[in-house]
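Data first, discussion second: the structure below is written as structure tokens.
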Amino acid sequence: MISLYRPGSSPLHRMPAGAKLALGAVLAVAVSVWPHTAVTATVTLAAVFGLFALAGFGPLEWLRQVWAIRWIVAFVAVMQLVFSGPLEAYITTVRIAAVVLLAALLTITTRTSDLLEALQTVLAPLRRFGVDPWRVAFTLSLTIALVPVIADFLRRIREAQRARGVRLGFRAVVPLLVMSLRHADDVADALSARGIA
Amino acid sequence: MPDASDAIVLEDVAVELDGHRILEDVSVRLDQRRIGVIGANGSGKSTFARLLDGLVAPSRGTVTVHGIDAARDVRALRERVGFVFTNPDAQILMPTVAEDVALSLRRAGLGKAEVAERVQAQLERHGLAELADRAAYSLSGGQKQLLALVSVLIRGPRLVVADEPTTLLDLGNARRMADLLVSPPEEGGIDAQVVVVTHDLDLAARCDVVVRFADGRLAEVGDPAAIVDRYRLEFA
Amino acid sequence: MPDASDAIVLEDVAVELDGHRILEDVSVRLDQRRIGVIGANGSGKSTFARLLDGLVAPSRGTVTVHGIDAARDVRALRERVGFVFTNPDAQILMPTVAEDVALSLRRAGLGKAEVAERVQAQLERHGLAELADRAAYSLSGGQKQLLALVSVLIRGPRLVVADEPTTLLDLGNARRMADLLVSPPEEGGIDAQVVVVTHDLDLAARCDVVVRFADGRLAEVGDPAAIVDRYRLEFA
Amino acid sequence: MAVKGFEGRDLARAAVFAAIIVVLGIAGAIPVGPVPITLQTLGVMLAGVVLGPKRAAIAVGIVLVLVAVGLPVLSGGRGGLGVFAGPSAGYLIGWLPGAVVAGLIAKSSAARISWWRTALGALVGGIGVVYALGIPVQAAILGMPLHEAAVGSLIFIPGDLVKVVLATVLALALHRAYPRAFESGAAAKPAAQHA
Ligand SMILES: Nc1ncnc2c1ncn2[C@@H]1O[C@H](COP(=O)(O)OP(=O)(O)OP(=O)(O)O)[C@@H](O)[C@H]1O
Ligand SMILES: Nc1ncnc2c1ncn2[C@@H]1O[C@H](COP(=O)(O)OP(=O)(O)OP(=O)(O)O)[C@@H](O)[C@H]1O
Ligand SMILES: O=C(O)CCCC[C@@H]1SC[C@@H]2NC(=O)N[C@@H]21
Ligand SMILES: [Mg+2]
Ligand SMILES: [Mg+2]
């Protein structure tokens with residue numbers, strides 16, 4: 001599975017994941033609760049694009065990211081236009097877009113593995129309650145490794161239907177679940193054998 | 001009895017998947033009743049087998065099975081061809097043994113009673129009758145592999161393509177499966193043309209003709225004993 | 001070098017699962033370096049293998065591996081024993097090749113740099129170095145099976161148990177895997193005791209001793225050539 | 001052992017189910033507004049009624065964390081922190097308690113699996129709980145009145161009712177095909193030994 005991370009060497013890329021997340025969260029909350037005017041909202045959005053630029057992403061990437069949230073933008077704009085008038089519509093749409101884009105920026109400048117490590121640090125205090133941070137991180141990696149395997153099961157079941165000239169429709173989920181859960185038992189054996197869980 | 005139309009004909013076939021050349025320059029005419037396919041891992045055997053059931057489409061050339069153009073009329077092709085996969089788990093689609101065998105008949109629009117009767121007869125013929133209501137997952141490897149074959153045979157295919165059907169079986173079960181696949185019908189073998197992909201060279205040697213693939217190309221077609229011996233020597 | 005403690009000892013072992021008797025009356029002492037296990041489908045081979053790594057617990061009797069009581073100290077047992085399963089897909093636990101090999105070492109709490117170094121060395125030794133950053137699921141069958149073995153070997157097990165590790169491999173790959181498992185260490189084989197469950201009688205014949213199971217009981221233990229020949233005759 | 005009674009077998013099943021939910025997302029989404037219609041909710045319901053509350057919570061939790069760390073595991077290849085700042089955040093977070101409640105109801109009796117308990121679990125957990133979080137969060141994030149968000153969510157109801165029926169039919173079929181799916185790790189392998 002390909003992460004949404006975009007490699008780079010900007011200050012944002014190099015910033016430690018934990019600090020970046022904390023800062024991002026603070027900024028997002030601030031933008032959300034600040035009583036915006038048309039001007040402050042515009043400035044905020046411009047600032048977010050400024051951060052994209054700082055991370056080395058030009059207008060092409062801005063467009064790409066805005067395109068990704070087109071449904072949200074369109075919906076908010078239309079709803080607000082109908083119920084609150086054009087000014088409110090502008091302010092709200094821009095504010096929401098700014099927050100979502102900011103969060104997306106965190107994602108594209110931070111490696112998945114760094115986020116996983118930050119997660120382990122965050123979880124460390126939970127050790128006392130019986131949570132093993134290493135195990136949590138491992139489970140996430142295991143799931144990532146399993147996605148192509150399960151997708152392949154689905155492909156094979158589709159193929160078997162075609163070969164037998166039948167169409168199970170949604171009932172094809174049953175053999176998928178059987179194969180997947182039996183696979184889980186094999187994986188569990190491998191976990192035990194390798195001393196992991 | 002084989003007749004003129006009971007032939008598998010590939011003309012200058014190439015297969016490309018995800019931008020990779022997987023098969024190239026394959027031209028061959030096979031009208032023997034028992035066809036063995038051998039070759040190294042990744043040499044293209046399974047891809048060749050899948051061409052015969054329209055599960056893979058050639059990116060160049062034509063595949064004709066018993067007179068049916070595989071690219072044109074997949075429906076007619078699938079009526080005529082039965083495919084047995086390596087892993088029976090992926091192929092057993094219904095919860096119980098009888099339901100799985102019946103599934104193949106469902107489409108043919110037969111009545112319930114007739115389906116039940118034909119399923120019962122088929123299960124009996126292959127010694128699976130006692131397992132009719134068992135959950136398919138709980139069968140042994142050998143029983144599952146047999147069930148997968150039975151579910152295919154009940155539709156009366158004229159060509160059976162089996163991709164490594166004996167890999168997980170012990171000597172006895174593998175022998176039984178092999179007997180079904182490559183013995184002549186008079187001796188209990190399947191009454192259809194058979195293409196069997198296998199790493200078991202003894203099984204390949206029992207066929208009427210052997211096809212060897214290497215690096216996505218047809219390396220040899222011909223006398224089973226000669227090809228198998230040569231292949232064995234390569235690794236001695 | 002084997003010493004007194006490098007023995008596998010089963011005393012009057014029985015295994016019951018879901019109310020079924022799966023193994024019965026198994027008593028044996030095995031101190032040879034290469035141990036082959038053969039028998040029909042469902043005869044209990046895999047269950048025997050799993051006993052040796054504490055994946056199944058005996059319902060009666062004791063299993064002692066290199067002096068460790070399998071029922072008492074599973075942790076110590078798993079430190080000493082590495083297990084290679086038939087299905088390589090289920091053993092690949094991490095997204096990329098290098099991460100998968102590193103997994104056990106990371107779990108043991110080794111530092112990043114040391115892990116990276118040992119992984120690299122291990123991958124090089126088995127010709128997988130170029131694949132280090134490849135997605136593990138995209139490897140060929142032979143490469144996957146080798147990866148599964150390498151991921152186990154990196155922990156330096158003193159006993160390697162492999163359950164039908166060559167079934168999906170072609171002649172060449174199966175030969176390479178077999179060489180690793182049963183050749184003496186001087187000739188590139190694994191430097192540990194090996195138990196290999198297999199339907200490949202040629203592989204079994206290369207071991208120092210063969211154990212044959214039948215119907216959940218130990219049928220024979222002894223000279224590989226003699227046992228394999230007798231077994232083959234049964235099906236001739 | 002991290003959590004008592006939660007062993008490798010449970011962990012593997014949770015991970016496999018998380019992967020199934022991800023794969024169901026590949027089937028795609030129907031963008032009907034700011035919150036998509038997605039097959040992934042079927043996976044969430046199934047996780048609850050098949051795995052039971054504890055393992056289902058882990059399975060869905062894995063999906064949520066994968067979203068957060070920036071993997072494209074949601075329908076349409078979406079992911080990243082942006083989703084948690086977006087209008088579907090409440091529904092998404094609601095999947096977790098939703099799956100738990102579905103599991104609690106469906107497995108509320110030790111007796112055999114029953115179709116009505118399964119259906120009720122999928123309905124209350126997969127619709128009731130998910131919407132209970134999803135609607136208010138959507139209203140808050142988009143700055144719209146609660147009742148409007150509630151009316152807007154009606155568009156999901158037909159699809160989600162169909163998913164409840166599917167989850168029930170599939171769970172019962174699965175129970176015939178592979179009853180072990182419904183057992184806990186310890187029960188699924190009675191004699192097996194675990195570290
Ligand atoms: N969908 C695909 N996309 C890309 N490459 C593929 C695909 N399917 C197969 N291949 C590649 O094509 C080659 C031939 O595959 P094929 O499965 O036909 O080999 P095979 O001879 O059956 O091998 P085996 O003995 O391992 O079953 C392999 O290198 C394989 O990795
Ligand atoms: N968990 C289980 N519950 C009930 N029966 C089981 C279980 N595991 C194995 N069995 C049964 O125990 C018997 C022995 O199984 P085992 O896997 O040891 O056989 P095997 O010799 O390895 O066979 P194969 O050659 O097919 O791998 C089989 O009949 C099998 O169905
Ligand atoms: O992909 C996301 O961003 C989260 C999707 C949340 C979808 C909600 S869950 C309940 C309702 N039913 C659907 O099919 N979609 C919504
Ligand atoms: Mg193949
Ligand atoms: Mg076995």
Side-chain angles (χ1 to χ4, degrees), chain B residues 17-18 20 22 37-46 85-90 135 138-146 163-179 197-204 212-216 227-236, chain C residues 17-18 20 22 37-47 85-90 138-146 163-179 197-204 212-216 227-236:
Chain B
L17 287 176
D18 301 338
H20 296 272
I22 294 181
V37 179
I38 64 172
N41 285 133
S43 58
K45 303 180 298 297
S46 295
F85 295 85
T86 310
N87 178 354
D89 283 327
S138 71
L139 302 184
S140 77
Q143 291 168 332
K144 263 189 215 170
Q145 201 62 269
L146 190 58
D163 193 356
E164 305 191 32
T166 60
T167 29
L168 295 167
L169 304 183
D170 65 29
L171 230 54
N173 279 324
R175 176 67 55 101
R176 264 186 291 282
M177 177 63 77
D179 284 346
V197 176
T198 187
H199 290 301
D200 177 349
L201 299 180
D202 297 332
L203 171 56
R212 183 166 72 81
F213 282 90
D215 287 330
I227 294 183
V228 163
D229 283 347
R230 226 173 358 244
Y231 186 63
R232 235 192 268 270
L233 270 181
E234 260 184 55
F235 296 98
Chain C
L17 288 175
D18 298 342
H20 297 272
I22 295 181
V37 179
I38 64 173
N41 285 133
S43 58
K45 303 180 297 297
S46 295
T47 308
F85 298 83
T86 312
N87 175 1
D89 283 326
S138 73
L139 301 184
S140 76
Q143 291 169 331
K144 269 187 205 170
Q145 200 60 273
L146 188 58
D163 192 355
E164 305 191 32
T166 61
T167 29
L168 297 167
L169 304 182
D170 65 31
L171 229 55
N173 280 324
R175 176 67 55 102
R176 265 186 291 281
M177 178 64 77
D179 284 346
V197 175
T198 187
H199 291 301
D200 176 349
L201 299 181
D202 296 332
L203 171 56
R212 183 165 72 82
F213 282 90
D215 286 331
I227 294 183
V228 163
D229 283 347
R230 226 174 356 244
Y231 185 62
R232 235 192 267 270
L233 270 181
E234 261 183 56
F235 296 98

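The chains referred to below are lettered A, B, ... by the order of the sequence lines, with proteins before strands, and numbering in each begins at 1. As the structure is a prediction and not an experimental result, all values here were calculated from the model.
Taking a 6.0 Å sphere around CG of D215(C), one finds it holds 12 or fewer heavy atoms contributed by other residues, nucleotides or ligands.
Taking the side-chain hydrogen bond (donor to acceptor under 3.5 Å, both in side chains) definition, one finds that N87(C) meets it with nothing, sequence neighbours left out.
L168(B) contributes atom CG, which lies 7.5 Å from atom NE2 of H199(C) (distance to the nearest 0.5 angstrom).
The part of T86(C) that comes within reach of chain B is its side chain, from C-beta onward, which places non-hydrogen atoms under 4.5 angstrom from that chain. Looking at L201(B), only its side chain comes within 4.5 Å of chain C, counting heavy atoms on both sides. Neither the backbone nor the side chain of S140(B) comes within less than 4.5 Å of any heavy atom in chain C.
For the residue pair L169(B) and N41(C), the shortest heavy atom distance occurs at CA-OD1, 3.5 Å.
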